[in-house]
There are 2 protein chains.
Amino acid sequence: MITSFEAATDIIEFGPQLSLRGVRMHFARNAEIFGEGEEAEYVYRVVSGAVRTMRFTSDGRRQILGFHLPGDIFGVEIGDTHSLSAEAVSGCDVVLVRRSCVDKAVSENTGAARALLTLTSEHLSSARAHALVLGRKGAGERVAAFLLELAGRFVSKNELDLPMSRADIADYLGLTIETVSRAFSEFERECAIALPSSRHVVMRNPSALMHYEAA
Amino acid sequence: MITSFEAATDIIEFGPQLSLRGVRMHFARNAEIFGEGEEAEYVYRVVSGAVRTMRFTSDGRRQILGFHLPGDIFGVEIGDTHSLSAEAVSGCDVVLVRRSCVDKAVSENTGAARALLTLTSEHLSSARAHALVLGRKGAGERVAAFLLELAGRFVSKNELDLPMSRADIADYLGLTIETVSRAFSEFERECAIALPSSRHVVMRNPSALMHYEAA
DNA sequence: CGGGCGATTGATTGCCTTCAAACGTGGTGG
DNA sequence: CCACCACGTTTGAAGGCAATCAATCGCCCG
């Protein structure tokens, strides 16, 4: 479901002090948006669909570092190359703004600089929350935390359409597909959630989920 | 060992564009420097010793998010409260600069804003590297990565004095004390390191460690 | 010399992964 | 329109790795 008012503009709003016009692009499911090590030529904002950012170990294991939903900005770098890769989870529309435009705004305007600082700080905050989950939580707790995190983004809705596969969730939570699937099944068995289809989650008892989360 | 030239000044240098004078304080081993949720009144820089920043799950499990060595800045927040806690790993000297001074510099000077942005971006980068380790690496790989990370900070020295206990390392790597200890023992058995004492590590064969790290 | 704390080592448990198979669903071609 | 195929998901069984439980060791300080 695309919110049309968002689709109607090609602006990236970094904050009240910094809005820049960009161009819109569409990416097919699983298409690469940028790769780790590539020159960071643009900054990105999700208009519709979902994006994953990730990094790989040398032997090919994938760690998804974040999912990005409509309104989210990603691909922001200070150095001149991307420190991670980004792919479309589903078909999605993305707005691109040239790095040079962002840099120009930042160097001319402390408000712009502050907006970018706030954004980076929020990214840091979620990366730390993620590290806590990965370092100190069991499988059920991780999946519960994931569902609650996602539910918190869909304002006052107790139903979720997951854009990502079980494999994506597993690679985000540092688990395997099977373990994620088992956690979903257990939550359903305990009536914490309902699963009309594998991608559609009904939050039947969020407080039970919070109990699983135990954090 | 305290590097006296650093101890000679009470300045926090955020970057070439932003240096601020502060006051020095000493903290005893395990003393709290600030707590999660407290008002973020200062920004901190390690002069000597080591500091850990951490967060807790609701049931008391601890995740150390970073170790901070001489020269490192920590406790930087955009919101008005600390999002994590900080304690002295060893007895240490720390320089404090008032948040209001930092905010003032940032709002007056885009160079200052850029320095703070660069700093936050570096913190983000290490948080992401940490998440990759926590999410997708086994016990031996984590410990090897930790040793190499620390070794990379002590320029061209192949000997390390660990300021932190096995418990600290375990809580940083999402492991237990016993597992960390076993990894050290195995590395020693394989002649990748030597352990003249439990806190003193000699890097006997860094490339063997890199092989263990497998990333 | 004794006490306490951190570290190491060993034995066992338990959770998550791995391996394996079946299920369901959506898309395609006959 | 239906059969079939491919892929994602679920479920089951077995194995492995790290946690837990437990005991000993070593060291620093009193």
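Throughout, a chain's letter reflects where its sequence line sits, starting with A, and its residues are numbered from 1. In what follows, every heavy atom counts, from backbone to side chain, and hydrogens, waters and symmetry copies are set aside.
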Determine, step by step, whether B:Asp59 and A:Arg136 satisfy the salt bridge (Lys or Arg N to Asp or Glu O under 4.0 Å) criterion, reporting the C-alpha distance in whole Å, the side-chain angles of both residues, the deciding distance to 0.1 Å, and the verdict. CA-CA 11 Å; B:Asp59 59 346; A:Arg136 283 288 169 236; over 6 Å; no
Pair A:Asp168 + A:Arg62: basic N to acidic O under 4.0 Å: yes
Between the side chains of B:Arg142 and B:Glu149, is the shortest nitrogen-to-carboxylate-oxygen separation below 4.0 Å, so that they form an ion pair? no
Going by atom type alone, with no hydrogens or angles, which donor-acceptor pairs under 3.5 Å involve a side-chain atom of residues 180-192 of chain B and a protein atom two or more places apart or on another chain?
| unit_1 | atom_1 | unit_2 | atom_2 | d |
| --- | --- | --- | --- | --- |
| B:Ser185 | OG | B:Ser181 | O | 3.1 |
| B:Glu188 | OE2 | B:Leu195 | N | 3.2 |

Residues in salt bridge (charged side-chain N to carboxylate O under 4.0 Å, His left out) with A:Arg98, at least two apart? A:Glu41
Remember a base hit wins even if backbone is also touched, and classify A:Arg142 as base, sugar-phosphate or nothing at under 4.0 Å, heavy atoms. nothing
Could you give the CZ-to-P distance, from A:Arg136 to D:dA18, as a whole number of Å? 14 Å
Separation of D:dC17 P from B:Glu141 CD (nearest whole Å): 11 Å
Within 6.0 Å of CZ in B:Arg199, more than 12 heavy atoms from elsewhere: yes
Span of DNA chain C in contact with chain A (heavy atoms, under 4.0 Å): C:dC16 to C:dC19
Quick note, salt bridge (charged side-chain N to carboxylate O under 4.0 Å, His left out) partners involving residues 202-212 of chain B, not counting sequence neighbours, are none
What pairs meet the side chain to side chain donor-acceptor pair (under 3.5 Å) rule with one or both residues in residues 65-79 of chain A, with sequence neighbours excluded? A:Thr53-A:His68, A:Asp72-A:Arg153, A:Glu77-A:Ser83
Run the ring-ring contact (aromatic ring centres under 6.0 Å, His included) test against A:His130 and tell me which residues pass, sequence neighbours left out. A:Tyr172
Whole-Å gap separating P (D:dA19) and CG (B:Leu173): 10 Å
Listed partners of B:Arg99 passing salt bridge (charged side-chain N to carboxylate O under 4.0 Å, His left out), at least two apart: B:Asp103
Readout for nucleotides 23-30 of chain D: B = base within 4.0 Å of protein heavy atom, S = sugar-phosphate only, - = neither; 5' to 3' it is --------
Considering only heavy atoms from C-beta outward, does the side chain of A:Leu84 approach that of B:Arg128 to under 4.5 Å? yes
Taking only heavy atoms on the protein side, list every residue of residues 182-195 of chain B lying under 4.0 Å from any atom of DNA chain C, sorted numerically. B:Arg182, B:Ser185
Just jot down the salt bridge (charged side-chain N to carboxylate O under 4.0 Å, His left out) partners of B:Arg166, sequence neighbours excluded, or say none. none
May I ask you to list the residues of residues 174-181 of chain B, by number, that have any heavy atom positioned under 4.0 Å from an atom of DNA chain D? B:Gly174, B:Leu175, B:Thr176, B:Glu178, B:Thr179
Quick one: salt bridge (charged side-chain N to carboxylate O under 4.0 Å, His left out) partners of B:Glu87, sequence neighbours excluded? B:Arg52
